[in-house]
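Shown next, in structure tokens, is the structure this report addresses.
A, B, ... follow the sequence lines: proteins, then strands. Residue 1 opens every chain.
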There are 2 protein chains.
Amino acid sequence: MSRWEPNARERLAKAALELYSERGYERTTVAEIAKRAGLTERTFFRHYADKREVLFDGSNHLQDLFVKAVNDAPESAAPIDIVAAALEAVSEVFVDRRAFARKRQAVITANAELQERELIKLAALSAALTDALRRRGIAEPAASLTAEAGLAVFRIGFERWVAPGEERPMWPLMREALAALRTVAAGA
Amino acid sequence: MSRWEPNARERLAKAALELYSERGYERTTVAEIAKRAGLTERTFFRHYADKREVLFDGSNHLQDLFVKAVNDAPESAAPIDIVAAALEAVSEVFVDRRAFARKRQAVITANAELQERELIKLAALSAALTDALRRRGIAEPAASLTAEAGLAVFRIGFERWVAPGEERPMWPLMREALAALRTVAAGA
DNA sequence: CACCTGATGTCAGTCACTGCCATCGCGTAG
DNA sequence: CTACGCGATGGCAGTGACTGACATCAGGTG
């Protein structure tokens, strides 16, 4: 038997989400999170850079997924179709995660600091997408705009997917948002 | 003669930008900013909610401008043309502010926390634009997407406008980015 | 002249976050 | 088998952002 319980990082993330849900982000101290996870405050900061980051562990994974999907799109695809393919691939991964996503999103929506962190994660994702598109030979500013527009679609689709009462899977919602973007940009 | 020097708020903003430029945001303490402005730390926090906000006093003004321009666009204009009109109106206001904008932007670019704050200000702007578009009868998700796409154009245009060496006025840069968006979204 | 108001100062306190050093079970070189 | 180093953790003091409560005082008001 090892000296410490395993999965310290996961225990911290779980404790944090619980506490943020129960009494709100601001009224939760890092010491409380650590205590619930059976650890100390100092150890929390060894696993997560700050009190917000504990909610954003999945961001890197999402970014990798997006980039991989862009890389895997057919050679001949137009920028907007590459983005569509990436959105479809990413949508698959969220199957069975709606309950967790709703809980997490409720916490984030209730606090401006957490929204800031979410926005910068999305901005990093946008930059990674832009890079991936440029590596496929798409020039600026088309690469940036495609990434930005694609993420706008993702945000709106995700927002609807986690909305209370919504039960459709993610991909159809993404497809709807994408169609709306095409219409708007065409000048309708 | 009054008891205190006037324009405390402006003095704080000026001192903050100077210090953030000189030694970086992180290595500047609020006490130092207050001291340079001839005030105390406590007074700083009476004028600005936090250490970051002192760089974002102009955000509300920008948002008002955007919304007004949307409201003033011709009745018959399509969503994307409303956004174009707003971008043109906003561009006028930045004439003669390039030096200040560059200094401020350099500080923000050098620090992740400041970028977070900038992103949430832009998100608030996006929400305000969405509202304004909806009040003009544009339905969702077209309103959101138009606002998001419009802001993507603004970000890219602004980025180029403050880039070193760039001397063209803002509006032509915005027009170029807008044209690129149309092309991308059309599926080219 | 007495009173009120608004902008500021003072001070103590909380909490996020960091640097430094100590602890100790475990694997491994010798 | 033993000594040694490693890795994850704890303990602790310190800095700095931010807040709440109370004091101060010039100038306007009745």
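A heavy-atom distance below 4.5 Å is not found between the side chains of A/R27 and A/E22. Proximity of B/R97 to B/R102: side-chain heavy atoms (C-beta onward) are nowhere separated by under 4.5 Å. Taking 4.5 Å as the limit, every side-chain heavy atom of A/W171 sits out of range of all side-chain heavy atoms of A/V90. In this structure, A/F94 and A/R98 have side chains that are not in contact, with every pair of non-hydrogen atoms separated by 4.5 Å or more.
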Strictly under 3.5 Å: I want the nitrogen or oxygen pairs between protein and nucleotides 21-24 of chain C, one per line.
unit_1: C/dC24; atom_1: O4'; unit_2: A/R3; atom_2: NH1; d: 2.8
unit_1: C/dC24; atom_1: O4'; unit_2: A/R3; atom_2: NH2; d: 2.8
unit_1: C/dC24; atom_1: O2; unit_2: A/R3; atom_2: NH1; d: 2.6

Could I get a table of every N or O pair under 3.5 Å where one atom is in the protein and the other is in nucleotides 12-14 of chain C?
none

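Listed pair B/T29 / D/dG16 fails the phosphate criterion, with no side-chain N or O lying under 4.0 Å from OP1 or OP2. Side-chain nitrogen and oxygen atoms of A/T40 include none within less than 4.0 Å of the OP1 or OP2 phosphate oxygen of D/dT9. When the side-chain nitrogen and oxygen atoms of B/H47 are compared with OP1 and OP2 of C/dA7, none of them lie within a distance under 4.0 Å.
The CD-C1' distance, from B/E53 to D/dA17, rounds to 15 Å in whole Å. Put simply, CZ on A/R117 is 14 Å from P on C/dA16, counting in whole angstrom units. The nearest whole Å value for the distance from the CD atom in A/E41 to the C1' atom in D/dT15 is 14 Å. Separating the CG atom of A/N7 from the C1' atom of D/dT9 is a distance of 16 Å, rounded to the nearest angstrom. The separation between A/K35 atom NZ and D/dG10 atom P is 14 Å, rounded to whole Å. In this structure, the CZ atom of B/F44 is 17 Å from the C1' atom of C/dG9, given to the nearest Å. The interatomic distance linking A/F45 (CZ) with D/dA13 (C1') rounds to 16 Å, in whole Å. The CD atom of B/E26 sits 14 Å away from the C1' atom of C/dA16 (whole-angstrom rounding).
One finds a salt bridge joining B/K121 and B/E53 here, because a Lys/Arg side-chain nitrogen approaches an Asp/Glu carboxylate oxygen to under 4.0 Å. Taking the charged nitrogens against the carboxylate oxygens, A/R168 and A/E176 do have a contact shorter than 4.0 Å, which makes a salt bridge.
With ring centers used as reference points, A/F66 lies under 6.0 Å from A/F154.
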- [ ] May I have the step-by-step check of salt bridge (Lys or Arg N to Asp or Glu O under 4.0 Å) for B/R136 and B/D81, ending in yes or no?
- [x] CA-CA 13 Å; B/R136 289 184 59 119; B/D81 295 322; over 6 Å; no

- [ ] Decide yes or no on side-chain contact (heavy atoms from CB on, under 4.5 Å) for A/F56 and A/R104, but give the supporting numbers first.
- [x] CA-CA 10 Å; A/F56 295 88; A/R104 175 177 171 280; 3.3 Å; yes

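A 6.0 Å sphere centred on CD of B/E26 holds no more than 12 heavy atoms belonging to other residues, nucleotides or ligands.
Side-chain contact check for A/Q115 and B/E116: no donor-acceptor pair (N or O, by modelled atom type) lies under 3.5 Å. For the residue pair A/E32/A/T28, the side-chain donor-acceptor check at 3.5 Å is not satisfied.
As judged by a 4.0 angstrom heavy-atom cut-off over every strand, A/A8 is placed among residues touching the sugar-phosphate backbone only.
Five base pairs at each end of the helix from C/dC1-D/dG30 to C/dG30-D/dC1 define two local axes, and these are offset by 0° (rounded to 10°).
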